[in-house]
**Student:** 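Got a structure here, written out as structure tokens. Questions coming.
Computed from heavy atoms alone, side chains included, the values below leave out hydrogens, waters and symmetry copies. Nothing here was measured: the structure is a model prediction, and the numbers come from that model. In what follows, chains are A, B, ... by sequence order, proteins preceding strands, each numbered from 1.
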Protein chains: 2
Amino acid sequence: MHYGSVIDYESPVAPYRQVAAILRDRIEAGQYRPGQRLPSINDLVGEFGVARTTAGKALRLLVDEGQAELSQGMGFYVTRGS
Amino acid sequence: MHYGSVIDYESPVAPYRQVAAILRDRIEAGQYRPGQRLPSINDLVGEFGVARTTAGKALRLLVDEGQAELSQGMGFYVTRGS
DNA sequence: TCACATTTGTACGTATGTATC
DNA sequence: AGATACATACGTACAAATGTG
């Protein structure tokens with residue numbers, strides 16, 4: 001069956017924030033655990049159909065919020081500890 | 001006479017960081033005082049010949065550093081107090 | 001050392017939406 | 001209503017960091 005895009009472009013919440021919220025939920029649900037790598041920008045582009053810049057903004061937002069850390073050349077990782 | 005661009009595209013320092021550094025210097029020099037508005041994105045585009053996104057990144061960097069604040073629809077202002 | 005794939009950083013341009021005056 | 005200003009999205013391109021073979 002076909003799942004429509006999870007991103008709601010009619011929503012007042014910006015797409016990059018929606019993507020970040022989804023990742024945040026997955027972290028809290030334990031789908032992505034501390035120390036583990038988050039989906040790459042390309043992964044997010046493929047999964048949500050957003051642009052690279054949008055996917056990158058979502059990940060950087062998580063970094064700003066302290067929920068993710070960036071390892072250059074490697075990717076974004078779920079922050080360890082808390 | 002002709003002044004070349006102030007931005008050095010050969011430098012390892014990203015253009016948006018160079019623009020931010022210039023604005024930072026002006027703030028420290030008192031050219032832009034606390035509470036005053038900083039140049040708009042369009043101003044920076046005109047002055048430095050960079051793209052809107054680049055100019056915006058420079059201003060947002062200053063915000064992240066606590067040297068500027070955003071007032072929606074108004075522009076970026078030099079942080080008051082310090 | 002080298003080459004390659006992967007991943008992010010950053011730049012460019014363009015378009016639409018919202019906020020403020 | 002119109003002008004100004006930023007937020008955000010899209011796409012595209014090249015550079016730098018990193019890991020692997």
Side-chain angles (χ1 to χ4, degrees), chain A residues 4-24 26-27 32 35-80, chain B residues 4-24 26-27 32 35-80:
Chain A
S5 171
V6 188
I7 304 304
D8 177 10
Y9 288 91
E10 307 307 308
S11 167
V13 178
Y16 84 95
R17 290 181 185 282
Q18 292 183 47
V19 173
I22 292 170
L23 295 178
R24 207 180 297 121
R26 291 179 182 172
I27 290 173
Y32 303 136
Q36 287 190 330
R37 222 199 72 180
L38 288 166
S40 71
I41 289 180
N42 280 338
D43 288 338
L44 298 179
V45 168
E47 177 175 0
F48 299 108
V50 294
R52 268 185 63 74
T53 46
T54 303
K57 270 192 102 167
L59 289 167
R60 266 171 269 131
L61 178 57
L62 293 182
V63 171
D64 290 341
E65 295 176 341
Q67 288 162 297
E69 290 169 3
L70 168 64
S71 185
Q72 254 298 18
M74 303 281 288
F76 292 86
Y77 293 73
V78 179
T79 299
R80 291 176 180 283
Chain B
S5 170
V6 189
I7 304 304
D8 178 11
Y9 287 92
E10 307 307 307
S11 167
V13 178
Y16 84 95
R17 289 180 187 280
Q18 293 183 46
V19 172
I22 291 170
L23 295 178
R24 208 180 296 122
R26 291 180 182 171
I27 290 173
Y32 303 137
Q36 287 190 330
R37 221 199 72 180
L38 287 167
S40 72
I41 289 180
N42 281 337
D43 289 338
L44 298 178
V45 167
E47 178 175 1
F48 299 108
V50 294
R52 273 185 63 76
T53 46
T54 304
K57 269 191 104 166
L59 290 167
R60 265 171 269 131
L61 178 55
L62 293 182
V63 170
D64 290 342
E65 296 176 341
Q67 288 163 297
E69 291 169 3
L70 168 63
S71 185
Q72 255 298 16
M74 304 278 288
F76 290 88
Y77 292 74
V78 178
T79 299
R80 289 176 180 282

**Student:** Kindly compute the distance separating CD (A/E69) from CZ (A/R37), expressed to the nearest 0.5 Å.
**Tutor:** 15.0 Å
**Student:** Which pairs with one or both residues in residues 9-18 of chain B pass salt bridge (Lys or Arg N to Asp or Glu O under 4.0 Å), sequence neighbours excluded?
**Tutor:**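 Every pair satisfying salt bridge (Lys or Arg N to Asp or Glu O under 4.0 Å) with a residue in residues 9-18 of chain B: there are none.
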**Student:** If you look only at pairs with a residue in residues 55-64 of chain A, which of them pass as a salt bridge (Lys or Arg N to Asp or Glu O under 4.0 Å), with sequence neighbours excluded?
**Tutor:** none
**Student:** At their closest point, which heavy atom of A/A68 faces which heavy atom of A/T79, and how far apart are they?
**Tutor:** N-OG1, 3.1 Å
**Student:** Of all residues at least two apart in sequence or in a different chain, which pass the side chain to side chain donor-acceptor pair (under 3.5 Å) check with A/N42?
**Tutor:**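 Side chain to side chain donor-acceptor pair (under 3.5 Å) check on A/N42 returns nothing, list empty.
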**Student:** Over all heavy atoms of both residues, which pair between B/L70 and B/G75 is shortest? Give the atoms and the distance, please.
**Tutor:**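 Closest heavy-atom pair between B/L70 and B/G75: CD1-O, 3.6 Å.
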**Student:** For A/L62 versus A/A20, what's the shortest heavy-atom pair and its separation?
**Tutor:**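 Looking at all heavy atoms of both residues, the shortest contact is CD2-O, 3.8 Å.
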**Student:** Return the set of residues passing salt bridge (charged side-chain N to carboxylate O under 4.0 Å, His left out) with A/E47 (not counting sequence neighbours), or none when no residue passes.
**Tutor:**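 Result, salt bridge (charged side-chain N to carboxylate O under 4.0 Å, His left out) vs A/E47: A/R26.
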**Student:** Round to the nearest Å and state the distance from A/L38 atom CG to C/dT7 atom C1'.
**Tutor:** 13 Å
**Student:** Which residues within residues 39-61 of chain A lie with some heavy atom under 4.0 Å of an atom in DNA chain C?
**Tutor:**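 Going residue by residue through residues 39-61 of chain A, the ones with a heavy atom under 4.0 Å of DNA chain C turn out to be A/S40, A/I41, A/R52, A/R60.
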**Student:** Classify B/P12 by what it touches in the nucleic acid, base, sugar-phosphate, or nothing, heavy-atom distance under 4.0 Å.
**Tutor:** nothing
**Student:** Please pick, from C/dG9, C/dT10, C/dA19, the nucleotide with the shortest atom-to-atom distance to any side-chain atom of B/Q72.
**Tutor:** C/dA19
**Student:** Rounded to the nearest angstrom, tell me the gap between atom OH in A/Y77 and atom C1' in C/dT8.
**Tutor:** 12 Å
**Student:** Give the first and the last nucleotide of DNA chain D, reading 5' to 3', that has any atom under 4.0 Å from a heavy atom of chain A.
**Tutor:**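 Terminal contacting nucleotides, 5' to 3': D/dT8 to D/dG19.
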**Student:** Write down the distance between CG (A/L62) and P (C/dT8), rounded to a whole number of angstrom.
**Tutor:**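 Roughly 13 Å, once rounded to whole Å.
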